Number of protein chains: 2
Amino acid sequence: MTRTRRARLKVTVAADLVILTIRDGRLNVLVVERANEPFAGELALPGGFLRGGESLDDTAARELAEETGMDAASLHLEQVGVYSAPDRDPRDPRVIASAYLAIAPDLPLPTAGSDARAATWLPVERVRETGLAFDHDEILRDAVELARVKLQFTTLATAFCGAEFTIGDLREVYEVVWGVQLDKPNFHRKVTDAEGFLVATGGKRPTVNGRPAALYRAGPARELTPPMMRPRRATQSA
Amino acid sequence: MTRTRRARLKVTVAADLVILTIRDGRLNVLVVERANEPFAGELALPGGFLRGGESLDDTAARELAEETGMDAASLHLEQVGVYSAPDRDPRDPRVIASAYLAIAPDLPLPTAGSDARAATWLPVERVRETGLAFDHDEILRDAVELARVKLQFTTLATAFCGAEFTIGDLREVYEVVWGVQLDKPNFHRKVTDAEGFLVATGGKRPTVNGRPAALYRAGPARELTPPMMRPRRATQSA
DNA sequence: TCAAAAGTGTTGGGTATACACCCATGT
DNA sequence: ACATGGGTGTATACCCAACACTTTTGA
């Protein structure tokens, strides 16, 4: 597009994944231990390189299927941004990454055996302390922030749940991702009133000691109107 | 990051710019006439290729300065997304583009003489009819939608105005970008009440025939709380 | 009968909308 | 004077946070 034909820089492009789920009341992210240099032995986000005939969305979907064993088409997957600082890879200064956010229900475990990489769930809070390779700390931060915003305006929260879930499950998603306590009665009304957000299956799930909760599945709506309001201040760390 | 060392695909990366401004009460976008194949002679978004030592943000900022003659640091510039469909460039299937949204005040004119490319402002509405090269129609659509959302939750609207502007100018930004009519009194209160959005300069600008309007400049706030509400239905096409 | 979680009712305060009205200036 | 756009006041409706309260189950 420049009229003077300048040598076009060719670069390698990776799709890196921030796969989030909720385990034991905490927000977890899937991380892998790197087998090769650079950063061999350190933790990093899973990812892979763009192949011929693929779009980056395809690359991300393929990697997601490989890492989690789940059908990528059924999971939520969306772009976070491009990370292209010249020094982000200490060996090859010309590797740029397109980051993707994926939301998954609490899987039994990632398919650890199928791939030599040690892929594990770790609480986001802990990962922030120990740190990740490359600029993956920054990517993780941006992806989590995106998830937080998306919860507010879209029906994304259902992607954290399985096919059937209770309103309590859904409320836990919001409380864990936002790190707040929400008022149960108001939350119940809010989500049941939102058109297309939830569809009652008619079933009920018994609780440990309490009234059984009605079961729902995700409705057709993608946008959440009116949006879910975020409390001004966090009440409890989650 | 794959453990089997597969040949890494190398691709060319471009930063394409959606530079928006408001002219004559319409939302305009800067487009260039392509000098080279593919799509020679057709309209396209301005853009340029990533160079050594640059991040894509740098590339976008450099291109913005070249196209508009303005200091890129002072203009709003943010990432829209990555476009990487394998067939998006009919010649080289491996050119991907990172799209950027830039907001500019109504410049006298882009520096047409400095570059052989014919860069001109065109109303977004008209560009939608005539179409752009590559997948730039899609990029334009996404960028405009991003701008619309950002107006709601951030103080981005001031980027459309010059250093000093009236509340009427600011209201026009919202009305043009959203394609709606806003209530003048309520808009005035809303933006003056929002902490950090506007700073009164003390000056006044005479109107053609009416009371002079107070002048403001952009305040330090980046987020707009509470958000600017978007009317349910458009009242007038703009 | 009690504990625990689900779910409903009700109320007060804040925010948006609609619109009447006043202000300041050029012609 | 009057037209024109800037700006203020005010009443109504709606939405949301808070919380009291009822329901339904297991122990």
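What you see is a predicted model; the values in this text were computed from it and never measured. Naming: A, B, ... by sequence-line order, numbering from 1 per chain.
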Around A/Asp193, counting heavy atoms of other residues, nucleotides and ligands shown, do more than 12 lie under 6.0 Å from its CG?
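Yes, CG of A/Asp193 has more than 12 neighbouring heavy atoms, counting only those of other groups under 6.0 Å.
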Does B/Arg205, at its CZ atom, have more than 12 non-hydrogen atoms belonging to other residues, nucleotides or ligands within less than 6.0 Å?
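Count over threshold, so yes.
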Can you name the residues that form a salt bridge (Lys or Arg N to Asp or Glu O under 4.0 Å) with [X], not counting sequence neighbours?
X	result
A/Arg148	A/Glu145
B/Asp106	B/Arg23
B/Arg189	none
A/Lys150	A/Glu78

Of the listed nucleotides D/dT8, C/dG9, C/dA16, the one nearest the side chain of A/Pro185:
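From the listed options, C/dG9 comes nearest.
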Proximity to the side chain of A/Lys184 - top-ranked nucleotide from C/dA16, D/dT8, C/dA6
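Nucleotide nearest to A/Lys184's side chain: C/dA6.
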Does anything in residues 156-166 of chain A form a salt bridge (charged side-chain N to carboxylate O under 4.0 Å, His left out)? List the pairs, not counting sequence neighbours.
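As it turns out, there is no salt bridge (charged side-chain N to carboxylate O under 4.0 Å, His left out) pair with a partner in residues 156-166 of chain A once direct neighbours are skipped.
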What pairs of nitrogen or oxygen atoms, one from the protein and one from nucleotides 25-27 of chain D, lie under 3.5 Å apart?
| residue | atom | partner | partner atom | Å |
| --- | --- | --- | --- | --- |
| D/dG26 | N3 | A/Asn209 | OD1 | 3.0 |

Is a side-chain donor or acceptor of B/Ser84 paired with a backbone partner of A/Leu56 at a separation under 3.5 angstrom?
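Answer holds: yes.
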Do you know the tightest heavy-atom contact between B/Ile22 and B/Phe160?
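Taking B/Ile22 first and B/Phe160 second, the nearest heavy atoms are CG1-CD2, 4.0 Å.
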Residues within residues 160-173 of chain B bordering DNA chain C, heavy-atom distance below 4.0 Å:
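Per residue number, the list is empty: none.
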For [X] and [N], give me the distance from atom [atom1] to atom [atom2], rounded to whole Å.
X	N	atom1	atom2	value
B/Met228	C/dT17	CE	C1'	14 Å
B/Gln152	C/dA16	CD	P	12 Å
B/Asp193	D/dG7	CG	C1'	13 Å
B/Phe187	C/dT15	CZ	C1'	17 Å
B/Lys190	C/dT15	NZ	P	9 Å
A/His188	D/dC16	NE2	P	16 Å
B/Gln181	C/dT17	CD	P	15 Å
B/Asp183	D/dG9	CG	P	15 Å

Restricting to side chain to side chain contact (heavy atoms under 4.5 Å, CB included), what partner residues turn up for B/Ala102, sequence neighbours left out?
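So B/Ala102 forms a side chain to side chain contact (heavy atoms under 4.5 Å, CB included) with B/Ile19, B/Leu64, B/Leu77.
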Could you pull out all residues at least two apart from A/Asp135 that satisfy side chain to side chain contact (heavy atoms under 4.5 Å, CB included)?
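A/Asp135 satisfies side chain to side chain contact (heavy atoms under 4.5 Å, CB included) with A/Tyr83, A/Arg88, A/Glu138, A/Ile139 once adjacent residues are dropped.
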With B/Arg222, which residues qualify under side chain to side chain donor-acceptor pair (under 3.5 Å), at least two apart?
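Residues passing side chain to side chain donor-acceptor pair (under 3.5 Å) with B/Arg222: none at all.
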Is the distance from the ring center of A/Phe187 to that of A/Tyr174 below 6.0 Å?
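Between A/Tyr174 and A/Phe187, which both carry aromatic rings, the centre distance is below 6.0 Å.
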Check for me whether the distance between the ring centres of A/Phe153 and B/Phe153 falls short of 6.0 Å.
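Between A/Phe153 and B/Phe153, the centre distance is under 6.0 Å.
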Give each protein N/O atom lying under 3.5 Å from an N/O atom of nucleotides 12-14 of chain C, with the pair distance.
none

Name the pairs: protein N/O against N/O of nucleotides 10-13 of chain D, kept only if under 3.5 Å.
| residue | atom | partner | partner atom | Å |
| --- | --- | --- | --- | --- |
| D/dT10 | O4 | B/Arg189 | NH2 | 3.2 |

